[in-house]
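Encoded as structure tokens, the structure appears first; notes follow it.
Because only heavy atoms are used, hydrogens play no part in the values below, and waters and symmetry mates are left out as well, while side chains stay in. In listed order, ligands and their atoms are each counted from 1. This structure is a prediction, so every number in the text was calculated from the model and none was measured.
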Amino acid sequence: MKKTFALILLLFTAATQAQSKIPSDFFQNPLNVDLVLSGTFGELRSNHFHSGMDIKTQQREGLPVVAAADGFVSRINIQHYGYGKALYIQHPNGYTTVYGHLQKFSPEIEAYIKKQQYAKETYEIELFPKADELKVTASELVALSGNTGGSGGPHLHFEIRDGQQRPMNPKLFGIEIKDTQAPTVNSLYVYPLGENAHVNGSGERQRVKLTLLKDGSFKAEQLNACGEIAFGVNTVDKQDGAPNNNGIYQIDAVLNGDSIFQLNFDRFSFSETRHLNQMIDYEYFSNNKSRITRLYVQPSNPLSVYRNVVDKGTITIQDSLTYLYNITIRDFAGNERLIRVPIKGEQPTDKISKKINETDYLVKANEAFNVEENGIDVYIPKGSLYEDTYLDISFTGDTIHFHQDDTPIHSNITIGFNVSEYSEENKEKMFIARLGYRGRPSYSSTYKKGNRFTTGVRTFGDYTLVADIKPPFISPVNFKDGQWISSNNNIKVRITDDLSGIKSYRATVNGKFILMEYEYKNNTLTHDFSDAVVTDTENKLKVIVTDNVGNSNTYEATFFRK
Ligand SMILES: [Zn+2]
């Protein structure tokens, strides 16, 4: 009786979910070309899940981007990094579509933005137009595709968000991509988790040997194990028409016929996206630059992408029993890849040892921690780490060796430096840097208050004090001082900084602000003459660029136009 009730309840839940009214014909393709993706929804990226689909634009910029449905422009965000130039359209049914890395906007929207940019004298800007200001209709041109912001090549980033601004899988809305290929499995790993758990006599993570069978599924070698274990898989999906390794849609794990774990990319929220670092084996990623998705949920992992999880997705193997663990990986089109893993319960013959790098600093995930030496202090707030971890910390002069980047950090850890030994002049030029590959310093946002410099970090590594005494460098790109450039559509200068990086810039012509768009990927500032603010024949250009410690440089030149 009880079982029947559970079944009815299950069917009822499934039915209500199916009726959750996701419209399948409301949104159209935002580009007038066949959809070929270089990125899928939920794809694993650096510190986040990909929140939309990346649509290829034939390796070029300037493709017309159209409104996916009727609505109004509800937000415009222009940033140097991130989405670059991005447009948000709010639709009458409550969903929002987002279009990122744009080159420019439609003339009407472009004029609306430029007016504000000139009024505020800034390129980076965020605007929230009112519902009646910029109305759009389905398939109306709203922008041209581009490569602005943190984009590695021309493409359109397209997102659909629900009423709570949570990104959803655009494919749920009937936007179809041809895909006849099943996901690819690159590797499978097994994790002995419990105190005395072992797999094949070892307590360490191990790669599982897989054999590809004729029917396209994989069979794993038999594992002899005991205690609590779990699995992780490195998997990608390719769609037709592109060689890109994209993300998969769903993973299911079944133990002896019972479902024990599901990972699904229908929707997530931005507030949880960084927990990706818990879902993947971060240590493996840090050392191998490829991601293993754990098929189990760690105790402090709140991600909403899991469903039907039993015992956190882990398996407790008992002596002398046999188990069949099946993993099915799916793409959105329904192509599947199955991995069968036979497991035999067997007590270990030897004592199982796990290597733990014990250090002087055992940091508890749910307690704050601080340490100070050599005038350098560290404060780790409660919850910055996902689990209790031995941190490798040492101090040499002005440098703190602060563990290594194989442990993820969730929220900011503060590192402080006492700089009372330095002269005022030196202090002005100094900043806190993280030492990267071959000791190359990169600027870490430094807050200066008297004799104390602090920075918030979310990556372990070596941090030190560095002085930047050189101002930024500015040079003309498509003109020379004193030149006539009547036929130029724009004017470009190149700006770079050797150490602390560029903080701000400002350009004027004959004393009047001109808008220059900064593209960090090629270090250029561009002013478009179609803004019609450069109207004189003789023009004195002045560009001032300031780095993160306040070193400033001014470039001046005269150009002529008629
Ligand atoms: Zn994208």
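- Judged by distance alone, the side chains of S304 and E272 do bring a donor and an acceptor atom under 3.5 Å apart.
- At a cut-off of 2.8 Å, D54 coordinates the Zn ion (ligand 1) through an N, O or S atom.
- Between N77 and K85, the side chains place no donor N or O within less than 3.5 Å of an acceptor N or O (distance only, hydrogens not considered).
- There is no side-chain donor-acceptor pair under 3.5 Å between N301 and H275.
- Among the atoms of H101, none of the N, O or S atoms falls under 2.8 Å from the Zn ion (ligand 1).
- Side chain to side chain, Y249 and D266 meet the donor-acceptor criterion of an N or O pair below 3.5 Å.
- Note on H157: its N/O/S atom closest to the Zn ion (ligand 1) is ND1.
- Among the backbone and side-chain atoms of H50, an N/O/S atom is found under 2.8 Å from the Zn ion (ligand 1).
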